[in-house]
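Structure first, commentary second.
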Amino acid sequence: MRNAHRWLLVVPFVWQAGLAPVVNGVRWRLAEIPFPMLWQMAGVVVATICIGTVYRIDRARSRRGGA
């Protein structure tokens, strides 16, 4: 389970593709911005966090001589 942290990269895919049918049915709006658009913007933040976390873990392991 050396690279188990890479499963974090599945989160953005599930966020965008897996939950899109659920999110598209929401009619709620915040400041005249439709909920699906807010969901997409939040997805960019979540994807950035997941990718950055995997990158930092990989980089720390390569410095220690692992992986």
Side-chain angles (χ1 to χ4, degrees):
M1 294 303 270
R2 233 185 148 105
N3 294 322
H5 63 283
R6 291 192 181 165
W7 280 100
L8 278 174
L9 298 174
V10 173
V11 173
F13 176 76
V14 172
W15 181 283
Q16 298 296 333
L19 297 176
V22 176
V23 172
N24 283 338
V26 177
R27 298 288 172 225
W28 181 75
R29 295 171 85 87
L30 177 66
E32 298 301 316
I33 300 173
F35 183 74
M37 186 178 289
L38 290 171
W39 182 261
Q40 293 292 321
M41 289 188 287
V44 170
V45 174
V46 169
T48 302
I49 291 169
C50 289
I51 293 168
T53 301
V54 170
Y55 173 76
R56 294 189 102 191
I57 292 170
D58 282 344
R59 195 168 92 182
R61 284 188 176 178
S62 69
R63 284 183 180 170
R64 286 184 281 158

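From a predicted model like this one, the values you see are computed outputs, not experimental measurements. Scope of the values below: all heavy atoms of this structure, side chains included, with no hydrogens, waters or symmetry mates.
- For Val10, the side-chain contact (heavy atoms from CB on, under 4.5 Å) test picks out Trp7, Val14, with sequence neighbours left out.
- If you chain together ILVMFWY residues whose side-chain heavy atoms come under 4.5 Å of each other, Ile49 ends up grouped with Val45.
- Ile57 belongs to no hydrophobic cluster, as no Ile, Leu, Val, Met, Phe, Trp or Tyr side chain comes under 4.5 Å of its own.
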Side-chain donor-acceptor distances from residues 27-41 under 3.5 Å, at least two apart:
from: Arg29; atom 1: NH2; to: Glu32; atom 2: O; distance (Å): 3.2
from: Trp39; atom 1: NE1; to: Trp15; atom 2: O; distance (Å): 3.2
from: Gln40; atom 1: NE2; to: Gln16; atom 2: OE1; distance (Å): 2.9

